[in-house]
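Below is one structure, written out as structure tokens, with a few remarks after it.
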Amino acid sequence: MGSRPAAQVGHSRKVYIQRDYSQGLGLRYSTAMPPQLQDRMPEDLFEAAIVNINQILAGAENGSVGVYAESCFACLTGYLIYMCMDTHYERSLKEVRKLIEEYNRTVFMPRRLMMIDPSERGLRVIEVVLLS
Amino acid sequence: MPKRWEVYPGKSQVLCSGRCISAKNLSVFYLTLALIVISSCLFLAFDCRLLAVTLSPSVPVLAAVQFIFVLCCLLRTTFSDPGIIPRGTPDEAAWIESQLEGPQVDRDGNYRPPVRLKDVQINGRVFKLKYCFTCKLWRPPRSSHCSTCDNCVDRFDHHCPWVGNCVGRRNYRYFYLFLISLSVYCLYVMVFGIVNLVLLSNMRKDFLMAMKESPTSVLTILVAFFSIWSVVGLGGFHTMLICRETSTNEDIKGSFNQRRHPDLINPFDQGNGLANCCFVLFGPVTPSLLNFREDEIGLGSSISLVTNNGRNGASAAAASTAVTATPAVRYSNLTRNNNDAASNSVGHVNNSVQVISESLPAQLPGDGNDVIVKNGNGAPADGVISGGTDAVGAQNSNTQSASSVHCIV
């Protein structure tokens with residue numbers, strides 16, 4: 001892929017981690033570390049972070065008996081139950097949000113990086129901001 | 001600060017301050033609605049008078065229940081987000097487009113257009129991902145750009161004018177439920193309309209007299225009769241598609257047509273029809289990614305969102321103070337939770353935060369060796385620029401082996 005310049009916006013630069021479709025359509029991000037981050041954090045740490053995120057997202061997209069039961073029940077209530085509770089997918093995305101907040105606090109911010117929750121980017125990319 | 005729905009760039013119509021979205025032109029939808037509502041009202045008001053008395057009061061009650069159910073499914077299909085993928089931010093677009101090979105002139109002086117394809121292998125089948133210049137994103141497999149609504153839609157099925165919206169991943173089950181329930185309802189109305197006429201003609205001893213006495217029955221029977229052919233046909237077609245885990249768009253393109261090309265396996269097929277049905281109709285559904293009710297954060301504040309508070313976006317100032325605070329990195333007392341995330345999520349959100357342990361796993365799953373990501377070479381100009389109908393196997397990249405057939409999604 002080579003080195004590509006990070007997008008320049010004002011005083012900060014950004015790198016983008018794209019979706020990884022090799023295992024299917026499931027929600028999964030590439031664990032390949034962009035070259036711009038190499039001087040800021042070790043590669044295995046970065047990979048482990050992405051892998052943890054991917055694990056939660058895999059749970060969101062896989063159908064299981066619990067998910068089907070929840071959908072059937074919701075259908076029977078005319079989908080009104082979703083006014084009171086979140087779907088399984090939404091709960092998983094909230095977990096990812098909490099995880100990324102924790103990572104930002106413990107791993108990324110000390111290295112002058114910030115990871116943006118992919119939900120804020122329409123699940124297209126994980127954005128990592130290189131803070132100056 | 002404007003809300004996201006106020007700055008929405010597509011051609012869809014956003015209603016109820018960002019709570020609903022539909023196509024801009026709803027005239028055919030109003031026709032559908034009128035047909036259903038008017039026929040039902042006529043049936044309930046006129047036919048059911050005799051039927052309730054002669055047969056059972058449950059006849060109009062069942063009709064009313066079905067009518068409400070059909071209406072709910074229709075409205076849900078029309079006004080919910082079909083799975084629109086939000087457009088990429090300008091920074092993302094700059095990042096991605098800087099990687100694409102720009103327009104070139106080759107040795108013969110021929111113009112080669114900018115390359116916007118990349119290959120991805122999914123479960124043994126090569127897909128060509130296309131970069132959508134309108135939406136500024138790599139279109140996921142199975143998604144497609146709807147020109148009517150000017151959006152990329154996830155698992156795009158088709159744009160249905162009768163329903164007044166695209167049918168995509170998020171509203172496909174409601175669309176299917178609408179078709180099935182409407183088929184049943186049309187049959188119900190037709191049968192009991194005929195029963196009503198028969199009962200009336202028995203009382204009047206003349207069929208023509210009965211028809212003159214109850215002309216609305218004739219009308220509802222005719223409407224139901226002509227609707228049944230299309231609705232039941234479409235319902236059957238979609239049942240078949242669901243069992244094969246294919247969308248209408250893929251069926252039209254012949255993406256998974258193994259009769260023509262045995263290589264065209266469907267990597268999304270779960271194995272049997274019932275499993276596919278369960279997954280499509282009751283499987284997990286993405287929440288709407290558009291987040292219309294939130295504030296639109298423009299380019300001015302370049303560092304957006306994700307602070308300790310979560311949703312309501314931080315300003316750049318908050319981010320910079322967080323950086324200067326430099327919290328100590330604590331690893332030693334944090335352990336990695338290896339349990340299945342799904343089992344942790346319900347009711348234990350506070351405890352389910354997973355953090356990295358000091359000793360990292362030796363081997364990481366999905367280490368990227370499975371990904372075959374290549375930039376497509378210069379495909380024929382008319383095939384790439386037109387962006388119109390993408391034919392199966394029309395594009396043969398020189399980097400691929402001759403036996404693999406490509407599907408441009």
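Proteins come first, then strands; the chains are lettered A, B, ... in the order of their sequence lines, and each starts at number 1. Bear in mind the structure is a predicted one, so any value in this text is a computation, not a measurement.
A:Thr87 and B:Val285 get closest at one heavy-atom pair: OG1-O, 4.4 Å. Closest approach of B:Pro287 to A:Leu93, counting heavy atoms only: CG-CD1, 3.7 Å. Across all their heavy atoms, B:Thr89 and A:Tyr16 have their closest contact at OG1-OH, 3.9 Å. Scanning all heavy atoms of the two residues, the minimum distance from A:Ser71 to B:Phe282 falls at OG-O, 2.7 Å. The two residues A:Gly122 and B:Pro86 make their nearest non-hydrogen contact at CA-CG, 3.7 Å.
Between chain A and the options B:Arg169, B:Arg76, B:Arg155, the largest number of non-hydrogen pairs under 4.5 Å is found for B:Arg169. Most heavy-atom pairs under 4.5 Å with chain B, from the set A:Glu61, A:Met85, A:Glu90: that is A:Glu61.
If you measure heavy-atom distances from A:Asn62 to chain B, the contacts under 4.5 Å come from the backbone alone. In this structure, no portion of B:Ile84 lies under 4.5 Å from any heavy atom of chain A. Looking at B:Arg87, the atoms closer than 4.5 Å to chain A (heavy atoms on both sides) all sit in the backbone: N, CA, C or O. For A:Ala74, no part lies under 4.5 angstrom from a heavy atom of chain B. Of the atoms belonging to B:Cys278, heavy atoms from both backbone and side chain fall under 4.5 Å from chain A. Contact of B:Tyr174 with chain A is made through the side chain alone, with heavy-atom distances under 4.5 Å. Of the two parts of A:Val67, the backbone and the side chain both hold a non-hydrogen atom closer than 4.5 Å to a non-hydrogen atom of chain B. When heavy atoms are compared at a cutoff of 4.5 Å, B:Leu290 does not approach chain A at all.
In this structure, B:Asp91 CG and A:Arg121 CZ are separated by 8.0 Å, a value rounded to the nearest 0.5 Å. With rounding to the nearest 0.5 Å, the separation of CD in A:Glu127 from CH2 in B:Trp95 is 10.5 Å. Residue B:Leu137 holds its CG atom at 6.0 Å from CZ of A:Arg124, rounded to the nearest 0.5 Å. Taking CG of B:Leu177 as the reference point, atom SG of A:Cys75 lies at 5.5 Å (rounded to 0.5 Å). Atoms CZ and OH, on B:Arg170 and A:Tyr89 in that order, are 10.5 Å from each other to the nearest 0.5 Å.
Other residues, nucleotides and ligands place no more than 12 heavy atoms under 6.0 Å from the CZ atom of A:Phe73.
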- Begin from the C-alpha positions of A:Gln18 and B:Ile96 and carry the test side-chain contact (heavy atoms from CB on, under 4.5 Å) through to its verdict. CA-CA 10 Å; A:Gln18 302 284 337; B:Ile96 297 171; 3.7 Å; yes
